[in-house]
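For reference, the structure discussed in these notes is given below.
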Amino acid sequence: MLRVLIISSLLFGLVASGAICIYALRPTFRKSRVWSSVVALGAIGLLIPLVYIVVGSIMNVGAGTLSLVEWLWPTSIMLIAGERGDPLSAALVVFGMAILGNVGAYGSVGLIIGSVRALVSKMARDSAGDQR
């Protein structure tokens, strides 16, 4: 089950990363509430690991001392795979997968929130149209 969650978060991370790029390049794409939520939360999912990297390197602390990381970066559990002293290239792949998985996890939450927002606004418009 964990393997399925990791693979699905990585695949959705690729989709969310692509959506972030398209969102930046195409102004018409920005009109969708669903994609705006996916992009916003996907970007937050990207910023959290980057902030952790900066703070961790400045303070010289590991993941065990920053307990908030487990809540904000749930895919950081993948970093355990890189602790065996693997070569730098393998460690970077694992690190990239953990970051991309976090983008996917946050992007999927954005998809749910954006879909609910769009559905609620559509229902509100429909009910306002029925009362006229």
Side-chain angles (χ1 to χ4, degrees):
M1 181 67 177
L2 184 61
R3 200 175 287 160
V4 171
L5 288 173
I6 290 172
I7 291 172
S8 63
S9 69
L10 287 174
L11 290 176
F12 200 77
L14 289 172
V15 171
S17 298
I20 290 171
C21 293
I22 293 171
Y23 190 85
L25 298 175
R26 302 228 18 217
T28 57
F29 197 63
R30 295 182 192 137
K31 294 179 183 176
S32 169
R33 289 182 186 217
V34 175
W35 286 110
S36 295
S37 298
V38 170
V39 168
L41 285 174
I44 290 170
L46 178 65
L47 288 175
I48 287 172
L50 296 179
V51 168
Y52 166 72
I53 293 166
V54 170
V55 169
S57 64
I58 290 173
M59 296 175 53
N60 287 328
V61 293
T65 55
L66 296 175
S67 62
L68 188 61
V69 171
E70 288 85 18
W71 292 100
L72 297 177
W73 187 8
T75 58
S76 66
I77 192 141
M78 289 186 225
L79 297 177
I80 294 171
E83 291 181 354
R84 295 183 307 222
D86 292 334
L88 181 62
S89 60
L92 288 176
V93 167
V94 170
F95 207 71
M97 287 175 51
I99 292 173
L100 190 59
N102 202 54
V103 171
Y106 275 77
S108 62
V109 171
L111 179 65
I112 293 168
I113 290 172
S115 298
V116 169
R117 280 180 48 203
L119 182 66
V120 167
S121 69
K122 183 178 185 281
M123 289 172 53
R125 280 193 311 254
D126 290 346
S127 68
D130 290 341
Q131 292 177 358
R132 289 183 188 188

Could you report the tightest heavy-atom contact between [X] and [Y], atom names first, then the distance?
X      : Y      : result
Gly110 : Leu41  : CA-CD1, 3.3 Å
Ile20  : Gly42  : CD1-C, 4.0 Å
Ser127 : Ala124 : OG-O, 3.0 Å
Tyr23  : Ser36  : OH-OG, 3.4 Å
Ala105 : Ser108 : O-OG, 2.7 Å
Gly114 : Ser37  : CA-OG, 3.4 Å

How long is the span from the [atom1] atom in [X] to the [atom2] atom in [Y], to the nearest 0.5 Å?
X      : Y      : atom1 : atom2 : answer
Ile99  : Leu50  : CD1   : CG    : 5.5 Å
Leu111 : Phe12  : CG    : CZ    : 4.5 Å
Arg117 : Ile113 : CZ    : CD1   : 8.5 Å
Leu119 : Ser115 : CG    : OG    : 8.5 Å

Check your understanding: Are Val51 and Val54 close enough, and set up right, to give a side-chain contact (heavy atoms from CB on, under 4.5 Å), and what steps lead you there?
Key -> CA-CA 5 Å; Val51 168; Val54 170; 5.8 Å; no

Exercise for review: Test Val38 against Trp35 for side-chain contact (heavy atoms from CB on, under 4.5 Å), laying out the working first.
Suggested key: CA-CA 5 Å; Val38 170; Trp35 286 110; 4.0 Å; yes

Check your understanding: Given Tyr52 and Leu72, is the side-chain contact (heavy atoms from CB on, under 4.5 Å) satisfied, shown in steps?
Key -> CA-CA 10 Å; Tyr52 166 72; Leu72 297 177; over 6 Å; no

Review point. Should Leu14 and Met97 be counted in the same cluster of Ile, Leu, Val, Met, Phe, Trp and Tyr side chains packed under 4.5 Å apart?
Key: yes

